[in-house]
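All residue numbers in this chain count up from 1 along the given sequence. These numbers come from a predicted model, not from an experiment.
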Amino acid sequence: MDIFLNINYELIFTTSTIASLFFAIPIFVSMVVVRYATLAKLIRDSREDVIANEIHFKSIDDYKFHIFKYEKRLSLLKKALSSSLFSGILIIVSVVGVTFNYFLFGVIFFILGLFLIAVSMLLLIWELSVSFEALNEHLDYMKSLKIKIKR
């Protein structure tokens, strides 16, 4: 509990710090939801293309690569969304605590909310790096098609 004795409570509950995060978290959650919706559409479209035999993979390893990347991105986005939503709940609880003069209670939940939003941001960065790997693979494939087209 020594860590809570060194926290500048006034800075947190007498400024707009909590209020700023109160609005910042829904914006971040919206961004994660849009990434999820984009990935969900990509997965659905890919499935339809495979069923219609409109998409062809170079090999079984290429197919496994795509499935692995989809699974990894979906898992990371799920964790990022869960973490950011829970962070939003903690910030709301923090505001309620400060409103009713439970400053220690409010500050603890505020700090936990900050931690979770940071975790969520790191997960989103990880998901973006996985996405970039998949895009690079697609770009390499398209470059190989350009060579075939010139011939």
Side-chain angles (χ1 to χ4, degrees), residues 3-4 6-52 54-143 145:
I3 189 170
F4 294 113
N6 295 326
I7 295 174
N8 187 347
Y9 298 108
E10 279 189 51
L11 177 68
I12 294 173
F13 63 77
T14 61
T15 65
S16 60
T17 305
I18 292 176
S20 298
L21 276 175
F22 192 78
F23 293 104
I25 288 175
I27 292 168
F28 182 76
V29 169
S30 298
M31 185 175 70
V32 176
V33 167
V34 167
R35 291 222 30 96
Y36 169 78
T38 302
L39 179 62
K41 181 173 178 0
L42 178 64
I43 291 171
R44 283 192 302 273
D45 290 350
S46 295
R47 178 178 175 248
E48 290 173 8
D49 288 345
V50 168
I51 290 171
E54 294 175 1
I55 190 170
H56 303 284
F57 296 98
K58 295 182 279 188
S59 65
I60 191 67
D61 290 334
D62 185 37
Y63 174 76
K64 288 179 183 178
F65 172 84
H66 282 80
I67 296 299
F68 172 76
K69 295 299 178 185
Y70 286 163
E71 288 173 342
K72 185 76 169 171
R73 289 181 62 197
L74 193 57
S75 172
L76 289 168
L77 284 172
K78 178 182 174 184
K79 291 173 186 170
L81 187 56
S82 299
S83 177
S84 60
L85 287 172
F86 196 60
S87 174
I89 291 168
L90 290 174
I91 296 297
I92 291 169
V93 170
S94 176
V95 169
V96 170
V98 169
T99 302
F100 290 105
N101 292 323
Y102 295 109
F103 299 122
L104 179 62
F105 174 80
V107 169
I108 290 170
F109 279 88
F110 178 76
I111 291 169
L112 288 173
L114 283 179
F115 174 75
L116 284 178
I117 200 67
V119 166
S120 184
M121 287 179 176
L122 290 173
L123 288 168
L124 188 61
I125 290 169
W126 190 1
E127 186 273 332
L128 285 169
S129 72
V130 172
S131 175
F132 290 144
E133 289 175 28
L135 287 173
N136 279 328
E137 191 275 335
H138 284 290
L139 188 59
D140 289 343
Y141 181 70
M142 290 175 66
K143 286 177 183 176
L145 289 177

Set out, in order, the CA-CA distance, both residues' side-chain angles and the distance that settles side-chain contact (heavy atoms from CB on, under 4.5 Å) for L76 and L124, then state yes or no.
CA-CA 7 Å; L76 289 168; L124 188 61; over 6 Å; no
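Interatomic distance, F132 CZ to E127 CD, rounded to the nearest 0.5 Å: 9.0 Å. To the nearest 0.5 Å, the span separating CD on E133 from CZ on R73 amounts to 11.0 Å. Of the inter-residue distances, the one linking S59 atom OG with F65 atom CZ reads 11.0 Å to the nearest 0.5 angstrom. To the nearest 0.5 angstrom, L112 atom CG is 13.0 Å from I89 atom CD1. Note that CG of L42 and NZ of K69 are 14.0 Å apart. Values are rounded to the nearest 0.5 Å. With rounding to the nearest 0.5 angstrom, the CZ atom of F115 is 11.5 Å from the OG atom of S120.
Between I117 and S84, some side-chain heavy-atom pair lies under the 4.5 Å cut-off. Under the 4.5 Å side-chain criterion, counting only non-hydrogen atoms from C-beta, S87 is not in contact with F28. Side-chain atoms of W126 and V130, non-hydrogen and from C-beta on, do get closer than 4.5 Å to each other. Side-chain contact check for V107 versus I111: some heavy-atom pair is nearer than 4.5 Å. V96 has its side chain out of reach of F105: every pair of non-hydrogen atoms, C-beta onward, lies at least 4.5 Å apart.
At distances below 3.5 Å, at least one donor-acceptor pair connects side-chain atoms of T38 with backbone N or O atoms of V34. Looking at S75, its side chain never comes within 3.5 Å of a backbone N or O of K72 through a donor-acceptor pair.
Minimum heavy-atom separation, I91 to F110: CD1-CD1, 3.7 Å. Taking each heavy atom of L90 and G113 in turn, the nearest pair found is CD1-N, 3.7 Å. Among all heavy-atom pairs drawn from V33 and L81, the shortest one is CG2-CD1, 3.7 Å.
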